[in-house]
There are 2 protein chains.
Amino acid sequence: MIKQIEEIHEGWKNQGKRLTKQKKIILEIIKQTRSHPTADWVYEQSRKELPNISLGTVYRVLSQLTIEGLINELTFEKQRHFDGFVEDLHSHVICNDCGKIVDISLSYNQILQEFVETQTNYLIDDQNHEFFGICPDCQNKNN
Amino acid sequence: MIKQIEEIHEGWKNQGKRLTKQKKIILEIIKQTRSHPTADWVYEQSRKELPNISLGTVYRVLSQLTIEGLINELTFEKQRHFDGFVEDLHSHVICNDCGKIVDISLSYNQILQEFVETQTNYLIDDQNHEFFGICPDCQNKNN
DNA sequence: TTATGTGCAAAATATTTGCTTTCCG
DNA sequence: CGGAAAGCAAATATTTTGCACATAA
């Protein structure tokens with residue numbers, strides 16, 4: 001088991017939360033991909049290990065993980081996507097053609113957050129910056 | 001009729017598109033609010049003028065306007081929101097408590113877009129930057 | 001006149017929830 | 001063993017669509 005998951009498990013014990021095999025496999029999937037998957041994709045992947053897992057469980061676990069801040073939710077388009085990589089703040093670059101998503105670190109984010117707080121008097125605790133365009137592959141495809 | 005709508009109408013004529021009373025009222029609503037409404041809110045507003053307008057029509061018109069770039073779509077949370085103010089690039093600051101959305105202009109956006117293009121080789125044509133937090137009203141409410 | 005656009009209702013899509021059963025600790 | 005969590009299916013919520021009819025140009 002990944003060390004990260006052991007640590008999450010430790011934290012959960014104190015709250016009476018259990019590490020079921022369903023949660024374990026979902027965590028492994030979402031923490032080991034950088035592909036920002038949908039709930040349905042996580043469901044399909046998890047069924048390879050646990051053929052009887054239900055989509056409802058996947059939704060429930062992903063929602064729980066989001067609330068705990070262990071993963072992030074992205075909501076461009078109508079479908080939600082999940083991002084298991086929460087260690088550092090990063091932005092997303094999304095292809096309008098094929099949907100491919102890549103991460104990019106933009107160092108201005110922290111400074112900006114403070115600027116927005118000053119300007120608006122909102123207390124900011126999160127941000128989401130997405131860029132939309134055409135990825136290199138699709139640019140070639142269309143030529 | 002707002003001048004802006006007359007201009008849109010002119011542009012449409014060349015494409016064989018019509019300015020129906022439904023489209024006119026939807027344009028008036030979306031172009032005269034800065035409140036980033038949902039399709040349902042636009043529907044409720046439009047029914048005050050056109051009691052028989054259907055929700056399907058509202059969705060169809062809003063989608064058409066989005067494709068034409070006359071309005072923007074925001075997709076935080078599961079529901080879509082629409083933004084009639086496309087004249088200048090701006091970011092959104094969203095309250096996690098009451099959902100209130102305010103605009104903020106951040107001058108770095110254009111420079112950043114070029115930086116992202118260089119780094120990723122994507123051809124960027126749009127971006128969406130959202131900040132999440134607690135608005136001043138909700139901060140007071142919770143004290 | 002005529003083809004675009006609308007209303008209506010049904011379908012599609014995505015997500016949530018109630019209830020019974022399973023199983024982690 | 002007890003209670004948290006899973007499975008299943010039905011319910012919700014949101015958005016899209018087919019078709020007959022209405023209407024802008």
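So that the names make sense, note that chain A is the first sequence line, chain B the second, and so on, each numbered from 1.
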Sequence neighbours excluded - salt bridge (charged side-chain N to carboxylate O under 4.0 Å, His left out) pairs with any residue from residues 114-133 of chain B: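 Found none.
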
Sequence neighbours excluded - salt bridge (charged side-chain N to carboxylate O under 4.0 Å, His left out) pairs with any residue from residues 9-18 of chain A: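 Every pair satisfying salt bridge (charged side-chain N to carboxylate O under 4.0 Å, His left out) with a residue in residues 9-18 of chain A: E10(A)-K13(A), K17(A)-E68(A).
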
Please enumerate all residues that pass salt bridge (charged side-chain N to carboxylate O under 4.0 Å, His left out) together with [X], with sequence neighbours excluded.
| X | value |
| --- | --- |
| E44(A) | R47(A) |
| K100(A) | D137(A) |
| R80(B) | E73(B) |
| E7(B) | K3(B) |

Q22(A) vs K21(B), nearer the 5' end of DNA chain D by closest nucleotide: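 Final value for this comparison: Q22(A).
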
Phosphate-side-chain proximity, [X] and [N], N/O vs OP1/OP2 below 4.0 Å:
| X | N | result |
| --- | --- | --- |
| H9(B) | dA24(D) | no |
| T20(B) | dA24(D) | no |
| K23(B) | dG5(C) | yes |

Name the pairs: protein N/O against N/O of nucleotides 18-20 of chain D, kept only if under 3.5 Å.
{"unit_1": "dG18(D)", "atom_1": "O6", "unit_2": "R60(B)", "atom_2": "NH1", "d": "3.4"}

Contact list for DNA chain D against residues 38-54 of chain A - heavy-atom distance below 4.0 Å: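 Heavy-atom cutoff 4.0 Å gives N52(A), I53(A), S54(A).
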
Tabulate atom names and distances for all N/O pairs under 3.5 angstrom spanning the protein and nucleotides 9-14 of chain C.
{"unit_1": "dA14(C)", "atom_1": "OP1", "unit_2": "Q79(A)", "atom_2": "NE2", "d": "2.8"}

Contacts of type ring-ring contact (aromatic ring centres under 6.0 Å, His included), residue F131(B), not counting sequence neighbours: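 Scan of F131(B) (ring-ring contact (aromatic ring centres under 6.0 Å, His included), adjacent residues dropped) gives H129(B).
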
With sequence neighbours excluded, residues passing side chain to side chain contact (heavy atoms under 4.5 Å, CB included) with N14(A):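 Per chain and number, N14(A) pairs via side chain to side chain contact (heavy atoms under 4.5 Å, CB included) with no residue.
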
Strand DNA chain D in bracket notation, Watson-Crick/G-U under 3.5 Å with | for pairs to another chain: |||||||||||||||||||||||||

Check: R18(A) side chain, dA4(D) base, donor-acceptor under 3.5 Å: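 Looking at the base of dA4(D), it does pair with a donor or acceptor on the side chain of R18(A) (distance under 3.5 Å).
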
